[in-house]
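One structure is given here, and the rest of the page talks about it.
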2 protein chains.
Amino acid sequence: MKETLATASLSAEAYIILRERILRGELPIGQVVSRRKIAVELGMSMLPVSEALQRLELEGLLESRPRAGTRVKIPTEDEVRGHYVVREALEVQAAKLFAEVASASERAELQKLAARVDALSTKTGKDRFLYLSLHEKLHRRIAEGGHCQPLCDAIEKNQVLASTWLCVPRPKTTDEPPRRHQDLAAILCNESSKTAAEAMRKHVQNALKNTLARLESYFQIRETGKSVFARSVKH
Amino acid sequence: MKETLATASLSAEAYIILRERILRGELPIGQVVSRRKIAVELGMSMLPVSEALQRLELEGLLESRPRAGTRVKIPTEDEVRGHYVVREALEVQAAKLFAEVASASERAELQKLAARVDALSTKTGKDRFLYLSLHEKLHRRIAEGGHCQPLCDAIEKNQVLASTWLCVPRPKTTDEPPRRHQDLAAILCNESSKTAAEAMRKHVQNALKNTLARLESYFQIRETGKSVFARSVKH
DNA sequence: TCAAGCATACTGATATAGCAGATTTTCGGT
DNA sequence: ACCGAAAATCTGCTATATCAGTATGCTTGA
């Protein structure tokens, strides 16, 4: 294991590493994680790992039961729907601000970024992570264009949760408009804040449908397995 | 110290106690807190206290520097403004949902609550905490009327941060319309979701002005004292 | 064959001890 | 009196060990 990641504290290091694993799907939804195993793997005590896991749990990426176990959170349909209600509120606010105060260079970069995202939107497999990463960057740039740090932070946290869900493959790819993000970017850059808000609202509501389709198979898991935090390997 | 507070874990207990103290203003803005002192006071090890403090820091109620100290967060003007941008996004979303889906009993309770809040709005001193508590409840009820748990959670977290700021006394009470909350509640209960959204937007923007006036004296603190985490008592 | 009970191995939670860095205080020199 | 360096004290951070609750599997009895 590489020791090259230098951070202020061990718990911060563990946090970054584990978060990355979850977001990249290396730890899939429902995967059980053990504090001790991760501690020996990262070459540190259980304590920094515990702090990192607690933080990830507070952010909604993990769930745990006292003295039973910790696993990558399995979302409920209501949670996903609710998550996108919050997301809509935040992203619409960001879109309005962007349309009002973003600089010319920020607008130019957004449109270029949108073109790249649309170009990658149909890719699957390895290129999908590139797409997800760029898509995330697109929304971050919109938030940054509003020049409001707390809003950026709120959107970032919100987005991270959804990233977990987008790693699961989609059952059947419904055909989407090939210029979704370019159209959105163009409106944010050239139209009024009111128009921008409505465009973003529709964009988010569309994303909700997409995500629901992706997670369909996970929504019943909670019922079937009464053994919630299985320690033995399921196969 | 009372041991009557029964919770799942010690760290949860410490979290609840400390959060309450901060929210009630017993730990004023800028107050330095020591893990060890709190640990002995609460009769537990430093570890649960550390976890509680870490959580409170992630929620924005505390701030710390590694190996230097932890204190109740001193807000920046930009942070306050940004906070209310987020708050506006969330509360407006909640207002729209409330106007659309709240039940008749929820609407009735909201209007009654609003009347009580307005009646207490001019009180100071001890009654102020009652007002703050009811005001918080009012906004929570609005969020609950939308029947969307994640949105409720987001608003709750957002509101908690602002509670810290509202504990500080206001320099000079500018006269406010005496029926602010009753008018807002009436609109949420009887008008369209669009009208409700706009009413809430104005309500939040007004709250921002109020808060900025309250915190004016804190905004320069960061510059003056270079010794940020003073351990000796300042007087 | 199956179900209940019990032992074992795991989980997270907590206490204690000691470390490293930051702050404060003390003390010596000018 | 003033200033700077060293010592003392405080801070948060981490490792180790132990405790208590949970899941699992094996044993035992019907």
Side-chain angles (χ1 to χ4, degrees), chain A residues 3 5-18 27 30-58 61-73 222 224-235, chain B residues 3 5-18 27 30-58 61-73 225-235:
Chain A
E3 309 279 350
L5 181 57
T7 55
S9 67
L10 291 181
S11 69
E13 183 181 331
Y15 169 77
I16 292 175
I17 292 176
L18 291 173
L27 296 175
Q31 174 71 252
V32 174
V33 298
S34 160
R35 285 159 153 73
R36 289 164 219 269
K37 286 175 187 167
I38 291 177
V40 301
E41 181 194 347
L42 299 184
M44 60 181 73
S45 161
M46 234 177 75
L47 219 78
V49 176
S50 286
E51 285 182 13
L53 291 186
Q54 186 202 344
R55 185 170 168 188
L56 290 167
E57 183 177 356
L58 290 174
L61 271 63
L62 296 177
E63 58 187 343
S64 73
R65 276 186 15 199
R67 294 187 167 88
T70 305
R71 67 179 177 195
V72 180
K73 178 151 186 172
R222 227 170 260 271
T224 64
K226 279 312 293 177
S227 68
V228 257
F229 285 81
R231 284 169 188 169
S232 61
V233 194
K234 289 282 183 60
H235 53 98
Chain B
E3 309 279 349
L5 181 57
T7 55
S9 67
L10 291 180
S11 69
E13 183 181 332
Y15 169 78
I16 292 175
I17 292 176
L18 291 173
L27 296 175
Q31 174 71 252
V32 174
V33 297
S34 160
R35 285 158 152 75
R36 289 165 219 266
K37 286 175 187 168
I38 292 177
V40 302
E41 182 194 346
L42 299 184
M44 59 181 71
S45 161
M46 237 179 71
L47 218 82
V49 176
S50 287
E51 286 181 13
L53 290 187
Q54 187 203 344
R55 186 170 168 187
L56 290 168
E57 184 177 354
L58 290 175
L61 272 63
L62 297 177
E63 59 186 343
S64 72
R65 277 190 6 202
R67 294 188 163 88
T70 306
R71 68 179 177 194
V72 180
K73 178 151 187 173
K226 280 310 295 176
S227 69
V228 257
F229 285 82
R231 283 169 188 166
S232 60
V233 193
K234 286 285 181 61
H235 53 95

Measure [atom1]/[X] against [atom2]/[N] and give the value in whole Å, please.
| X | N | atom1 | atom2 | result |
| --- | --- | --- | --- | --- |
| Arg71(B) | dC10(D) | CZ | C1' | 17 Å |
| Leu62(B) | dT11(D) | CG | P | 15 Å |
| Phe229(A) | dT24(D) | CZ | P | 12 Å |
| Arg65(A) | dA23(D) | CZ | C1' | 10 Å |
| Leu47(B) | dG12(D) | CG | P | 13 Å |
| Glu13(B) | dA15(C) | CD | P | 10 Å |

Run through DNA chain D and report every stem of 3 or more consecutive Watson-Crick or G-U pairs, distances under 3.5 Å, ordered by first number.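 DNA chain D stems, ordered by first number: C:1-30 with D:1-30.
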
Set of residues satisfying salt bridge (Lys or Arg N to Asp or Glu O under 4.0 Å) with respect to Arg35(B), sequence neighbours excluded: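 Scan of Arg35(B) (salt bridge (Lys or Arg N to Asp or Glu O under 4.0 Å), adjacent residues dropped) gives none.
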
Partner residues of [X] under the side-chain hydrogen bond (donor to acceptor under 3.5 Å, both in side chains) criterion, sequence neighbours left out:
| X | value |
| --- | --- |
| Ser64(A) | Glu57(A) |
| Ser45(A) | none |
| Gln31(A) | none |

N/O (side chain, Ser45(B)) to phosphate O (OP1/OP2, dA15(C)) under 4.0 Å: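 So the side-chain polar atoms of Ser45(B) do come within 4.0 Å of the phosphate oxygens OP1 or OP2 of dA15(C), strictly under.
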
Set out, line by line, the N/O atom pairs under 3.5 Å between protein and nucleotides 9-11 of chain C.
unit_1  : atom_1 : unit_2    : atom_2 : d
dC10(C) : O2     : Arg231(A) : NH1    : 2.9
dT11(C) : OP1    : Ser34(A)  : OG     : 2.9
dT11(C) : O4'    : Arg231(A) : NH2    : 3.1

Counting the atoms with a prime plus P, OP1 and OP2 as sugar-phosphate, which does [X] contact under 4.0 Å by heavy atoms, base, sugar-phosphate, or nothing?
| X | answer |
| --- | --- |
| Met46(A) | base |
| Ser64(A) | nothing |
| Leu10(A) | sugar-phosphate |

For [X], check side chain to side chain contact (heavy atoms under 4.5 Å, CB included) against everything at least two apart and list the hits.
| X | value |
| --- | --- |
| Glu51(B) | Gln54(A), Ser11(B) |
| Leu10(B) | Glu13(B), Met44(B), Pro48(B) |
| Arg36(B) | Ser34(B), Met46(B) |

Walk me through it: do Leu61(B) and Val72(B) pass the test side-chain contact (heavy atoms from CB on, under 4.5 Å)? CA-CA 6 Å; Leu61(B) 272 63; Val72(B) 180; over 6 Å; no

Heavy-atom check, side chain of Arg71(B) versus side chain of Val32(B), under 4.5 Å: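 Result yes, sub-4.5 Å side-chain heavy-atom pair found.
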
